[in-house]
Amino acid sequence: MAIHYAMSRSAFLDVKWAALHTVRESFSLEQHYNPYFELIAVTEGPVHLQAEEEKVVLHAGDTFLLRPWERHKGWNPAAQGGEFYWVQFAATPEPRPFDFAKDRLPVGLEAPHGPSDLRTVPAYRDETMIVPRRFRSSGRFHLLGLFEQLVREMDEAKGYYRYRSSLLLGTMLERLASDLLGHVRQETTLPASYVTYRSLVSLLDNQYPSSLTRETLEAQLDRKYEYLCGVFKKYAGMTIGAYVRHLRVQRAQYLLQATEDSVQSIAAEVGIADPFTFSKLFKKLVGRSPADYRNEIRNKPRCPDEG
DNA sequence: AATGGGTCGAAGCTTAGATT
DNA sequence: AATCTAAGCTTCGACCCATT
């Protein structure tokens with residue numbers, strides 16, 4: 001039963017300290033604890049580490065993540081000479097425990113589908129990565145190299161060293177999470193209908209302005225149109241028509257902003273012949289008419305925030 | 001002249017349930 | 001689980017007119 005932590009990919013990381021530690025007798029005698037997360041990577045094993053009641057033996061390349069305030073020490077006084085890197089850090093928002101059995105897999109970790117596959121849907125604000133508590137990374141030498149750099153940064157402590165340290169830590173955590181993802185993916189087999197879905201999305205993305213009729217789709221994908229609707233809805237969470245409409249409006253938004261084309265010609269370009277119909281659709285999705293939208297964008301060079 | 005808005009029916013789309 | 005069928009729902013765009 002492995003323990004994992006879910007942490008936001010956009011979490012703010014703050015490295016408190018990093019160092020290389022050589023295991024001596026005192027390591028087994030003293031309890032250590034601190035208010036931060038602490039990531040340990042063993043350079044030379046074995047290291048006998050006890051975290052609260054949990055006793056582990058870590059070998060070269062193994063990593064271990066301690067929770068804030070978690071008491072830890074060595075548990076085998078006879079074993080000396082091991083070495084490990086450690087880095088203490090705070091993360092905002094804080095990583096939380098993650099249970100593969102109970103918690104829903106975050107986007108990107110499950111079979112790689114979902115709304116973020118769709119162009120018009122913004123990427124998830126809180127993309128999560130799963131960091132294992134105890135792990136042996138396939139790129140452990142790379143990881144140890146990063147640790148080495150991190151410790152050097154802390155030792156020299158020049159310029160933007162805290163910023164650079166945070167970046168290094170971020171890379172390390174991402175590395176662990178990616179490796180874990182690789183392991184999980186191998187165990188996951190993709191549903192057959194998912195392949196159909198991907199081809200469908202690709203087709204829609206590339207051909208939405210032209211006349212995408214049900215016959216075209218049926219011919220290109222060799223499936224009944226009604227079935228494609230079902231598959232698309234299942235994976236994307238929205239209907240084909242809705243998606244194409246979003247694509248058209250998004251393209252139109254860009255054209256309104258970047259060109260001086262008339263609403264009529266923009267309507268034609270995104271595949272809606274009737275400008276009246278286009279205008280209505282645009283207002284429905286954006287909340288403003290095309291002309292209003294263009295004026296607003298021109299007057300306020302800020303990013304639009306409508307959904 | 002260009003654009004925004006309302007109504008309505010045919011065409012197109014979606015979904016529940018059947019079928020393989 | 002993947003696919004199809006049939007029924008019912010939704011939308012597009014033609015036709016109006018109003019506003020700038």
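The number of heavy-atom neighbours closer than 6.0 Å to CD of A/E25, taken from other residues, nucleotides and ligands shown, is 12 or below.
Salt-bridge check for A/E70 with A/R133: passed, with a basic side-chain N closer than 4.0 Å to an acidic carboxylate O.
Distance A/F278 CZ to B/dA2 P: 16 Å, rounded to the nearest Å. One can place CD1 of A/I266 at 13 Å from C1' of B/dT3, the figure rounded to the nearest angstrom. Between A/K224 atom NZ and C/dA6 atom P there is a gap of 10 Å when expressed in whole angstrom units. At whole-Å resolution of the value, CG in A/L200 and P in C/dA2 are 15 Å apart. Regarding A/F232, its CZ atom lies at a distance of 17 Å from the P atom of C/dT3, rounded to whole Å. A straight line from OH of A/Y243 to P of C/dT11 spans 19 Å, rounded to a whole angstrom. Distance, A/R245 CZ to C/dG13 P: 11 Å, rounded to whole Å.
Between A/S165 and A/E153, the side chains place no donor N or O within less than 3.5 Å of an acceptor N or O (distance only, hydrogens not considered).
For A/R71 and A/Y33, the positive end sits near the middle of the six-membered ring, less than 6.0 Å away and at most 45° from its axis.
Considering only side-chain N and O atoms, A/Y227 lies nowhere under 4.0 angstrom from the phosphate OP1 or OP2 of C/dT5. Under 4.0 angstrom from either OP1 or OP2 of B/dT14 there lies no side-chain N or O belonging to A/K233. Contact check, A/K283 against B/dG4: no side-chain N or O comes under 4.0 Å of OP1 or OP2. Here A/S279 does not reach the OP1 or OP2 of B/dT3: none of its side-chain N or O atoms lies under 4.0 Å away.
Using a 4.0 Å heavy-atom criterion, one finds that A/L281 contacts no nucleic acid atom at all.
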